[in-house]
Amino acid sequence: MRGLIGKPGSGPLHMAGQPSSSSNRTVGGVGTYPGNRNPENPDHLRDIAKLWNVEESSLAVGPEKGIIKQMELMENEQIGFFWNIHTNPLVSLPNLPRVKKAMEKPFVVVQDPFLTETTEVADVVLPPAMWGEKEGTMENADRTINLLRKAVEPPAGVKTDFEILVEFSKRLGLKDKDGNPLVNYSSPEEAFEEWKNISEGRPSDMTGMTYDRLEKENGIRWPSTRENPKGKVRLYEDGWFPTKADYCQSYGKDIVTGRPKTEKEYKTIKAEGRAIFHPTRHLGAAEKPGEDFPLWLNTGRLLWQWHTRTKTARAPELHDKAPKAYVEIHEDDAKTLSIEHGETVKVISPRGSIEIPAKVGTEMKKGEVFVPFHYGEWEENQAANQLTMDIMDAVSHQPILKHSSCRIEKIAVEHQSQ
């Protein structure tokens with residue numbers, strides 16, 4: 001709107017919560033097709049079928065299913081096998097009582113170098129090599145692709161994620177339509193070469209990259225094409241956006257209901273290389289404080305911890321700074337509830353309860369409390385997501401983790417008679 005896109009100082013547009021999230025989206029690791037292809041565009045599906053040498057009819061059509069929808073499918077026994085790789089949903093997802101119950105139904109494989117809350121419900125745990133023990137490429141928030149070389153060998157018998165997945169594809173006997181192995185590479189570099197072919201002509205084109213160049217140049221930004229292999233520092237400098245109907249990644253969704261739009265609907269806006277503005281309106285909170293749950297509950301992060309503490313809880317310097325969860329409450333609310341600083345209290349929402357110390361002060365607004373979400377040890381009962389809602393935003397399919405209603409109760413102390 002202000003004409004600043006693609007100019008110095010305007011910042012990157014491609015941001016995500018975890019460093020690997022960008023590459024997951026680029027290569028289709030979040031349930032989409034690789035290379036920012038549109039799963040509802042027949043030409044894009046035809047392109048993928050040709051690249052993979054598979055029957056077009058075998059490719060799924062339509063948008064991906066988010067994690068909350070996957071939980072619903074587990075509940076209804078429509079997912080019988082669930083493979084969880086390097087994530088800890090039994091801390092990070094909302095309404096944990098529901099999540100745990102759902103994940104106890106299918107056969108669950110958890111692939112993680114560490115034991116976590118989620119490995120507690122796993123039928124099989126696969127301990128893969130860690131980042132310094134394997135080779136491959138990764139994408140950063142500014143689209144830079146970096147090559148990481150193996151620093152040390154993993155423990156004897158421990159495989160990398162890549163090796164596990166390639167071996168799994170072999171054991172499944174996955175074939176293309178000519179009867180050849182569907183996965184025909186055996187090293188990360190060979191896989192990258194296949195990816196380059198699949199990326200050609202798409203926004204994330206990497207055909208101009210090589211392992212040798214990535215190492216010598218300390219990373220290259222996509223698009224890096226054969227014609228312009230140096231890559232592109234800033235997107236949209238020329239004012240062109242990938243919004244043509246035959247090229248775009250998605251036809252979009254209704255901004256209120258989340259219903260996927262059709263190609264015909266998309267074409268009516270006549271984007272044709274222009275950016276698309278989506279006017280929105282605030283719909284209000286999905287759950288509000290009331291008589292039984294009079295306080296707003298907000299959850300979030302702490303400086304000292306990362307996500308579900310799979311690694312930061314094992315770093316003494318970080319763990320000691322913030323060893324357990326707490327509920328932060330305004331001193332006026334604490335006085336009304338007769339709660340003292342440091343006193344263990346029960347925080348209750350319509351979905352569950354936790355018992356954690358109170359942190360009394362003036363940083364929170366009256367009527368609002370804060371609980372960091374990082375903590376989830378089964379025996380501690382301090383997971384903020386025991387309390388949060390699993391209602392999703394209709395467009396992004398992201399759960400509304402940031403607010404819900406709650407109340408705080410003092411925990412009665414039983415005194416034994418002498």
Side-chain angles (χ1 to χ4, degrees), residues 15-21 24 67-68 71 82-100 102-103 108-122 125-133 138 141 158 161 297-329 342 344-347 349 351-359 363-364 369-390 398-404 406:
M15 297 294 284
Q18 285 78 37
S20 62
S21 295
N24 283 345
I67 186 61
I68 302 301
M71 291 296 156
F82 186 74
W83 194 338
N84 181 88
I85 303 177
H86 293 288
T87 188
N88 192 10
L90 281 174
V91 176
S92 62
L93 290 185
N95 194 357
L96 287 177
R98 179 192 178 192
V99 174
K100 184 174 185 292
M103 287 192 67
V108 173
V109 175
V110 175
Q111 189 167 314
D112 200 297
F114 300 98
L115 294 177
T116 67
E117 289 78 7
T118 304
T119 61
E120 294 292 315
V121 302
V125 178
L126 301 176
M130 294 180 65
W131 68 270
E133 302 167 342
M138 68 169 290
V158 173
D161 297 303
L297 169 67
N298 185 22
T299 67
R301 300 174 184 268
L302 299 178
L303 174 65
W304 310 107
Q305 302 297 343
W306 171 253
H307 211 51
T308 65
R309 301 202 323 144
T310 301
K311 288 189 286 188
T312 53
R314 291 170 167 84
E317 296 87 350
L318 298 175
H319 174 76
D320 291 345
K321 291 289 186 181
K324 65 185 300 180
Y326 58 85
V327 56
E328 193 163 1
I329 183 171
T344 299
V345 297
K346 182 177 284 190
V347 186
S349 85
R351 286 151 295 277
S353 66
I354 57 176
E355 296 182 5
I356 50 179
K359 182 179 179 180
E363 292 187 8
M364 298 306 299
V369 299
F370 170 81
V371 179
F373 94 100
H374 308 285
Y375 305 84
E377 293 85 348
W378 290 102
E379 65 277 6
E380 294 289 341
N381 188 29
Q382 56 178 336
N385 282 324
Q386 294 272 13
L387 313 175
T388 49
M389 295 181 291
D390 50 17
Q398 292 295 310
I400 302 172
L401 290 158
K402 292 298 295 177
H403 72 264
S404 57
C406 75

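Treat the numbers as computed from the prediction; the structure is a model and nothing was measured.
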Check your understanding: Could you go step by step and tell me if Leu126 and Trp83 meet the side chain to side chain contact (heavy atoms under 4.5 Å, CB included) rule?
Key -> CA-CA 10 Å; Leu126 301 176; Trp83 194 338; 4.0 Å; yes

Identify the heavy atoms of [X] and [Y] that sit nearest to each other, and give their distance.
| X | Y | answer |
| --- | --- | --- |
| Ala129 | Val158 | N-CG1, 3.4 Å |
| Ala384 | Pro372 | CB-O, 3.7 Å |
| Val110 | Thr119 | CG1-CG2, 3.6 Å |
| Val369 | Cys406 | CG2-SG, 3.7 Å |
| Pro113 | Pro128 | N-CD, 3.6 Å |
| Ala325 | Pro357 | O-CD, 3.3 Å |

So do [Y] and [X] actually touch side chain to side chain, heavy atoms under 4.5 Å?
| X | Y | result |
| --- | --- | --- |
| Asp390 | Pro399 | no |
| Trp304 | Thr312 | no |
| Gln386 | Pro97 | yes |
| Phe82 | Met103 | yes |
| Glu117 | Pro89 | no |
| Leu303 | Lys321 | no |
| Ile354 | Leu387 | yes |
| Glu380 | Tyr375 | no |

State the [atom1]-[atom2] distance between [X] and [Y], to the nearest 0.5 angstrom.
| X | Y | atom1 | atom2 | value |
| --- | --- | --- | --- | --- |
| Arg309 | His374 | CZ | NE2 | 9.0 Å |
| Thr87 | Gln111 | OG1 | CD | 12.5 Å |
| Asn95 | Met71 | CG | CE | 11.0 Å |
| Leu96 | Asn385 | CG | CG | 5.0 Å |
| Asp112 | Asn84 | CG | CG | 8.0 Å |
| Asn298 | Glu328 | CG | CD | 10.5 Å |

Pair Glu377 + Lys324: basic N to acidic O under 4.0 Å: no

Residue set satisfying salt bridge (charged side-chain N to carboxylate O under 4.0 Å, His left out) with Glu133, at least two apart, ordered chain then number -> none

Sequence neighbours excluded, the answer for salt bridge (charged side-chain N to carboxylate O under 4.0 Å, His left out) partners of Lys100 is Glu104

- Task: For the residue pair His307 and Phe373, categorise the inter-ring angle as parallel (less than 30°), tilted (30 to 60°) or perpendicular (more than 60°).
- Result: perpendicular

[Y] backbone acceptor or donor facing [X] side chain under 3.5 Å:
| X | Y | value |
| --- | --- | --- |
| Ser404 | Thr388 | no |
| Gln305 | Ala322 | yes |
| Thr310 | Thr116 | no |

Lys346, NZ atom: more than 12 neighbouring heavy atoms under 6.0 Å: no

request  = Answer yes or no: does atom CH2 of Trp131 have more than 12 heavy-atom neighbours from other residues, nucleotides or ligands under 6.0 Å?
outcome  = no

Test side chain to side chain contact (heavy atoms under 4.5 Å, CB included) on Trp378 and Leu90; report intermediate values, then the result. CA-CA 10 Å; Trp378 290 102; Leu90 281 174; 3.8 Å; yes

